[in-house]
2 protein chains.
Amino acid sequence: MNSQKRVKAPTIQDVARHARVAVGTVSRVLNGHLGVKPATRQRVLDVIKELDYSPNLIARSMTSRRTGSVGIIVPFFTRPFFNEVLQGVEIATTRSGHEFMLYNVQTDDQCQAYFRELPKQRKVDGLLVISLYPDDATAVSFRRAGMPVVLVDAYHPLLTSLIVDNIEGGYQAVKCLIEHGHRRIGFINGIPESDFRFNPANDRLAGLQRAFDEAGIQYEPDLVLTAQWNRSGGREAALQLLTRPDRPTAIFATSDLQAVGVLEAARSLHLSVPAELSVIGFDGIELAEIMELSTIQQPIQHMGELGAQKLIALIEDNEDSESRPELIRLQTSLLQRQTIASPPHYT
Amino acid sequence: MNSQKRVKAPTIQDVARHARVAVGTVSRVLNGHLGVKPATRQRVLDVIKELDYSPNLIARSMTSRRTGSVGIIVPFFTRPFFNEVLQGVEIATTRSGHEFMLYNVQTDDQCQAYFRELPKQRKVDGLLVISLYPDDATAVSFRRAGMPVVLVDAYHPLLTSLIVDNIEGGYQAVKCLIEHGHRRIGFINGIPESDFRFNPANDRLAGLQRAFDEAGIQYEPDLVLTAQWNRSGGREAALQLLTRPDRPTAIFATSDLQAVGVLEAARSLHLSVPAELSVIGFDGIELAEIMELSTIQQPIQHMGELGAQKLIALIEDNEDSESRPELIRLQTSLLQRQTIASPPHYT
DNA sequence: TTGTATGCGTTATCAT
DNA sequence: ATGATAACGCATACAA
């Protein structure tokens, strides 16, 4: 075993010297360029192994103008939904030999700062933006900086975007409830903890309205509550909804996390699900499966994987500006489990 | 609005030229060095704003030998436990202005490859290793490369390590069960999906044995099963345990995920928890709270935060080799919820 | 086939 | 207080 003392890392110069060749030659064998005599190639390889040399990737990035990293800008990355997106991202980046930096954002300011700085800092070759909406000026600045960007669960006309049909998803959820005989349906909308620009829950509400219209059900604003995107948000909203004299027979929550909160509220109120209350969520996270919660399944992991894959393609083809951005639409699907039944007294 | 066409990012040279100063001067104002006449300083600042200039961080890393990033090597980062660790990591890195790269590992080979390559590649200033055990040669190589490393939920004498007392945790779990009157206690051990070097579950088993010894209970190997670290692993093991004629009255699972699997098994067997079966898990993830599962709480998020904080201190103090590594021990605590009761017919 | 020299964008060390 | 210039480690165009 060698000494424990810290030692300066060998450079390409050291390798060249030991192998008695020029740095250019070492660089060539490093990058698999042809035109190196097998004998010298082998000699260089031997020295590399002997010195335990690895190229300094920072220095390499200087000339190659590539870092091999992509940046993921994501709000609240520990939430199950985002976590599952990241799982897909990891699969795609690892497959293509890229690394990724995680930029977690909790406020809109932080988000805008990342949008502004990251393209110029050049620590990443591309940006994957999850559930966040760049404004027009930002989108333009991405292109000017030559920074490839892909939006996942978000849309901008200038950027490759990957969206799911939230209206259709909301429609599927409510239609299912209606088909089971429900007429009084509560909706728990989501309000982001901070002032992000966009709220997919509004589209899901639009889907609800379409289903209502179709069934000739009167939309009652009283049955729509806005709550935080988490369990306690769902729980509190449900508590409100369910303690009214004319409580709804079913609740559609705009996220599974909130729907789990609804389940908790029902439990604390000794309301049995689905006998006395039907519940449907949105997202299709693993927790929904554990809780046997009916939900609208988004292709979450696939969104992350496909988004990352598209981003890497943009990076490698270097087709930043000349190409028109792609718009990819993904579908949701109804997942019926144990939390939906016909309402009490339904004939 | 400027043209949309991609444009070369301005460099420090461009700023210098526009401000009619030398690059050195620009660098000085950029880095807040004193000895710049306020007038010129302002002129430079104006040009920087006018050109929308940001320093190229890669180039800066060339000379500064700092990237401002830390690498997190973590197995299966989407698992709730690791996810909560990462949450702590994010808090600490953001606080200190660092970014982090996520290196997810799924096999031991992959892990060893990261251990070998990352210190030489210099894309990160330090490494935070979660629940993974570097061998002696690896630990030495970290020091030789001058790469600060902190181990979380793992230990090596040469490296700053942050561990929880798994033996004590196992002991707490089983002692609680015994105090409730249980004598036949099943244990579900964990086996990693791949051949990682270490298994914390064995320490938890040792804690069980200590509690057994103390209570004069005979250890029965039949009641110890090894299963995957996930729900289905726990479910299948529990199914085996619970369909025996002399089934245990309580099960201690070495992770909450497996304990949830136990709950699922009990449900499918129409065994009521805790009336007919007591269950306790380990970790204290959020899911345990949702399921009202009793468990042994590890300070998960705190482990990530403290580990990252220690790592950043190592990086900033640059005290790689001269300092003796620190060993930090953290405690677990019993979290009693709804899944533990006295066994049937207990007087 | 191989060597040399220049540039990548900064910081830092000299000068002036 | 500021300017010129040499690193940093690598890739590459050009020479030999």
Side-chain angles (χ1 to χ4, degrees), chain A residues 7-45 47-48 51-68 117 119-125 145-146, chain B residues 7-45 47-48 51-69 117 119-125 145-146 318:
Chain A
V7 86
K8 193 184 161 304
T11 74
I12 199 173
Q13 315 270 1
D14 299 323
V15 175
R17 190 152 23 80
H18 280 74
R20 264 179 273 282
V21 296
V23 293
T25 303
V26 178
S27 178
R28 278 183 282 263
V29 346
L30 241 26
N31 298 287
H33 292 182
L34 31 72
V36 171
K37 188 159 53 176
T40 40
R41 161 180 224 82
Q42 190 54 51
R43 192 147 40 93
V44 169
L45 253 18
V47 173
I48 286 177
L51 263 41
D52 191 27
Y53 166 82
S54 284
N56 179 321
L57 260 28
I58 295 294
R60 178 174 282 181
S61 296
M62 273 301 281
T63 54
S64 71
R65 306 179 140 302
R66 284 281 171 83
T67 64
E117 300 301 332
K120 295 188 287 181
Q121 300 185 160
R122 290 288 144 190
K123 287 188 74 168
V124 295
D125 299 336
Chain B
V7 86
K8 192 183 162 304
T11 73
I12 198 173
Q13 315 271 1
D14 299 323
V15 175
R17 190 154 21 82
H18 280 74
R20 266 180 275 281
V21 295
V23 292
T25 302
V26 179
S27 178
R28 277 183 283 261
V29 347
L30 240 26
N31 298 286
H33 292 182
L34 31 73
V36 166
K37 187 161 53 175
T40 39
R41 159 180 226 84
Q42 192 52 53
R43 193 147 38 93
V44 170
L45 253 18
V47 173
I48 286 176
L51 263 41
D52 191 27
Y53 165 82
S54 284
N56 179 321
L57 261 27
I58 294 292
R60 177 173 282 180
S61 297
M62 259 318 270
T63 55
S64 72
R65 306 178 140 299
R66 281 283 170 82
T67 65
S69 308
E117 300 301 333
K120 296 187 287 181
Q121 298 184 161
R122 291 286 144 191
K123 286 188 74 168
V124 294
D125 298 336
N318 203 36

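Order of the sequence lines sets the chain letters (A, B, ...), proteins ahead of strands, with each chain counted from 1. All values below come from the heavy atoms of this structure, side chains included, with hydrogens, waters and symmetry mates left out.
- With contacts defined as side-chain heavy-atom distances shorter than 4.5 Å, the pair A/I12/A/L30 qualifies.
- Contact annotation: B/S27 reaches the phosphate of C/dT11 (side-chain N/O to OP1 or OP2, under 4.0 Å).
- Between B/T63 and C/dT10 there is no side-chain N or O to OP1 or OP2 distance below 4.0 Å.
- Nearest nucleotide to the A/P55 side chain, out of D/dC10, D/dA4, D/dA13: D/dC10.
- In this structure, CG of B/D14 is placed 11 Å from P of C/dC8, rounded to the nearest angstrom.
- Minimum interatomic distance between B/Y53 and B/V15 (heavy atoms only, all atoms of both residues): CG-CG2, 3.7 Å.
- Residues B/R20 and A/S64 both approach DNA chain D. Their nearest nucleotides, taken by heavy-atom distance, put B/R20 toward the 5′ side.
- Neither OP1 nor OP2 of D/dG9 sits under 4.0 Å from any side-chain N or O of B/K120.
- You won't find any donor-acceptor pair under 3.5 Å spanning the side chain of B/R122 and the base of D/dG9, going by distance alone.
- For A/R43 and C/dG3, the CZ to P distance is 8 Å, given to the nearest whole Å.
- Rounded to an integer number of Å, the gap from CG of B/L57 to P of C/dG9 is 14 Å.
- Atom CE of B/M62 is separated from atom P of D/dG9 by 6 Å (rounded to the nearest Å).
- Within the nucleic acid shown, A/V26 has no heavy atom closer than 4.0 Å to any nucleic acid atom.
- Per the geometry, CZ belonging to A/R60 stands 11 Å off C1' belonging to D/dG9, to the nearest Å.
- B/R65 has a side-chain polar atom (N or O) that falls below the 4.0 Å cut-off from OP1 or OP2 of D/dG9.
- When all heavy atoms of B/R41 and B/V36 are compared, the closest pair comes out as CB-CG1, 3.6 Å.
- Remark: B/T40 is in phosphate contact with D/dT2, judged by side-chain N or O atoms under 4.0 Å from OP1 or OP2.
- Taking atom CD1 of residue A/I12 and atom P of nucleotide D/dT12, one finds them 11 Å apart after rounding to whole Å.
- Residue A/I58 contributes atom CD1, which lies 13 Å from atom P of D/dA11 at whole-angstrom precision.
- Between A/I58 atom CD1 and B/R66 atom CZ the span is 13.0 Å, to the nearest 0.5 Å.
- Listed pair A/N31 / D/dA11 meets the phosphate criterion, a side-chain N or O lying under 4.0 Å from OP1 or OP2.
- The side chain of B/K8 places no N or O atom within less than 4.0 Å of a non-bridging phosphate oxygen (OP1 or OP2) of C/dC8.
- For the pair A/R43 (side chain) and A/A19 (backbone), a donor-acceptor distance under 3.5 Å is present.
- D/dA6 atom C1' lies 13 Å from atom CD of B/Q13, rounded to whole Å.
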